[in-house]
Amino acid sequence: MHTIEQYILATNNKNAGIVGFLRQLIFSCSKNITEKIAYNFPFYYHHGRLCYVYAHDKGVSLCFCNGAEIKDPFNLLDTTPNKQVKSITFKDIKDVDYDKVIPLLHQSILLNEQKAGIVENAAFMQGIENHMPVKP
């Protein structure tokens, strides 16, 4: 598999819609995000690995490469066998809650920027606070 489009076409229709929607959400977070197939999955990069999307029998997982470092006030993230990566699995496109997923993506971007030395610690902490949703 060489392109994201081929990956999407290889999934079932329901999962293809979820993968396409997650792809749009990811790209909406920054114009500097790039994508490529790695390890047979669509990976997204912003100053390093940001996340990847994994379609499987039970739905589609959005996997955060630095998930162990992300603040998750809604307890959406599940631990994967790789302790650094955390994921959210969606069984239907209507399960994707924009107001909860986007802040997690923004945090992941900020973490990568901090690690790359683009954002200093004070600006990083302020950025995290700005992207934390308020619990209802």
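This chain uses plain numbering: 1 for the first residue, then up along the sequence.
- Considering NE2 of His47 and CG of Leu111, their distance stands at 13.0 Å, rounded to 0.5 Å.
- With sequence neighbours excluded, no residue forms a salt bridge (Lys or Arg N to Asp or Glu O under 4.0 Å) with Lys36.
- Within the structure, no pair that satisfies the salt bridge (charged side-chain N to carboxylate O under 4.0 Å, His left out) test touches residues 58-67, not counting sequence neighbours.
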Return all side-chain donor-acceptor pairs below 3.5 angstrom for residues 23-31, not counting sequence neighbours, or 'none' if the list is empty.
from  : atom 1 : to    : atom 2 : distance (Å)
Arg23 : NE     : Glu35 : OE1    : 3.0
Arg23 : NE     : Glu35 : OE2    : 3.2
Arg23 : NH2    : Glu5  : OE2    : 3.3
Arg23 : NH2    : Glu35 : OE2    : 2.4
Ser28 : OG     : Leu25 : O      : 2.6
Ser30 : OG     : Asn32 : N      : 3.0
Ser30 : OG     : His46 : NE2    : 3.4

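- Two residues are said to be in side-chain contact when any heavy atoms from C-beta on lie closer than 4.5 Å; Ile37 and Ile4 meet this criterion.
- Partners of Tyr39 according to the side chain to side chain donor-acceptor pair (under 3.5 Å) rule, which considers only residues two or more places apart in sequence or in another chain, are Arg49.
- Scanning for side chain to side chain contact (heavy atoms under 4.5 Å, CB included) contacts around Asp78 gives Ser87, with sequence neighbours left out.
- Of all non-hydrogen atoms in Ile93 and Gly17, the two that sit nearest each other are CD1-O, 3.5 Å.
- When side chains are defined from C-beta on, Leu22 counts as touching Phe90, because their heavy atoms get closer than 4.5 Å.
- Leu9 and Tyr7 end up in different hydrophobic clusters when Ile, Leu, Val, Met, Phe, Trp and Tyr side chains are linked at under 4.5 Å.
- Legend: residues meeting side chain to side chain contact (heavy atoms under 4.5 Å, CB included) with Asp57, ordered by chain and number and at least two apart, are absent.
- With rounding to the nearest 0.5 angstrom, the OG1 atom of Thr34 is 12.0 Å from the CZ atom of Phe43.
- Counting all heavy atoms, side chain and backbone alike, Val53 lies closest to Phe41 at O-CB, 3.6 Å.
- The CZ atom of Phe21 sits 11.5 Å away from atom CG of Asp92, with the distance rounded to the nearest 0.5 Å.
- By the side chain to side chain contact (heavy atoms under 4.5 Å, CB included) test, Leu76 is found to be paired with Asp72, Phe74, Ile88, Lys100, Leu104, residues two or more places apart in sequence or in another chain being considered.
- Residues satisfying the side chain to side chain contact (heavy atoms under 4.5 Å, CB included) test with Lys91, not counting sequence neighbours, are Asp95.
- Closest approach of Tyr44 and Tyr52 over heavy atoms only: CD1-CA, 4.5 Å.
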Side-chain donor-acceptor pairs of residues 60-69 under 3.5 Å, sequence neighbours excluded:
from  : atom 1 : to     : atom 2 : distance (Å)
Ser61 : OG     : His56  : NE2    : 2.8
Ser61 : OG     : Thr89  : OG1    : 2.7
Asn66 : OD1    : Ser108 : OG     : 2.8
Asn66 : ND2    : Ser108 : O      : 3.4
Asn66 : ND2    : Asn112 : OD1    : 3.2
Glu69 : OE2    : Gln84  : NE2    : 2.9
Glu69 : OE2    : Lys115 : NZ     : 2.7

